[in-house]
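Here's the structure, in structure tokens; my notes come after.
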Amino acid sequence: MAVGVVVGSAFTAIVNALVDNILMPLVGAVIAGINFQDLGFHIPWGNHPYINIGAFLSAVITFLITAFCVFLIVKAFNTMRNFRKKEEEKKEEPAKVAPDIALLTEIRDLLKQQQK
């Protein structure tokens, strides 16, 4: 579990760097050169707080990429586990013959022996 947390936090740092340094500047260049880290607005009342929408969009994109990667990892793990389980079932259980088929096979073999 601890290894998963450490690897997950390192992966999140990689995804953050990808989103902040590569994806968001590209999106900003496509949308009229807007810098997403500074994208926001001031509310005109009170002490004029600044709402930073760009940081929120960056966090949402980071979350979506991380969630998609975790989904792919879990899906691959489950696929491998199910494949291994099916392989073990094939090895452990030889083909079981139904009782009526086994009885008919015995009768056939006895008839063959009587004919000789």
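We number each residue from 1, following the sequence as shown.
The distance from the CG atom of N82 to the NZ atom of K85 is 6.0 Å, given to the nearest 0.5 Å. Between the CG atom in N21 and the CG atom in L26 there is a gap of 11.0 Å [rounded to 0.5 Å]. Here the OG-CG distance, from S58 to L23, works out to 9.0 Å after rounding to the nearest 0.5 Å. With rounding to the nearest 0.5 Å, the separation of OG1 in T79 from CZ in F83 is 11.0 Å. Between N52 atom CG and L57 atom CG the span is 9.0 Å, to the nearest 0.5 Å.
Residues F41 and I53 come closest through the heavy atom pair CE2-CD1, 3.3 Å. Taking both residues in full, the closest heavy atoms of D20 and P25 are given as O-CD, 3.4 Å, listed atom of the first, atom of the second, then distance.
Between V19 and I65 there is a side-chain heavy-atom pair separated by less than 4.5 Å.
With hydrophobic clusters built from ILVMFWY side chains whose heavy atoms lie under 4.5 angstrom apart, F56 shares a cluster with F63. The hydrophobic clustering, which links ILVMFWY residues whose side-chain heavy atoms are closer than 4.5 Å, places I51 and W45 together. Taking hydrophobic clusters as Ile, Leu, Val, Met, Phe, Trp and Tyr residues chained together by side-chain heavy-atom distances below 4.5 Å, V5 does not share a cluster with V15. L18 is not connected to F68 by any chain of hydrophobic side-chain contacts under 4.5 Å among Ile, Leu, Val, Met, Phe, Trp and Tyr, and they are in different clusters. Residue F77 is not grouped with residue L72 when hydrophobic side chains (ILVMFWY) are merged at heavy-atom distances under 4.5 angstrom, including chains of intermediate members.
Dense packing is recorded around OH of Y50, with more than 12 heavy atoms of other residues, nucleotides or ligands lying under 6.0 Å away. With a 6.0 Å radius and a threshold of 12 heavy atoms from other residues, nucleotides or ligands, R108 has its CZ atom above the threshold.
Listed for the H48 side chain is no donor-acceptor partner under 3.5 Å among the backbone atoms of H42.
Just one of V70, T66, V6 meets the side-chain contact (heavy atoms from CB on, under 4.5 Å) condition when paired with F11; it is T66.
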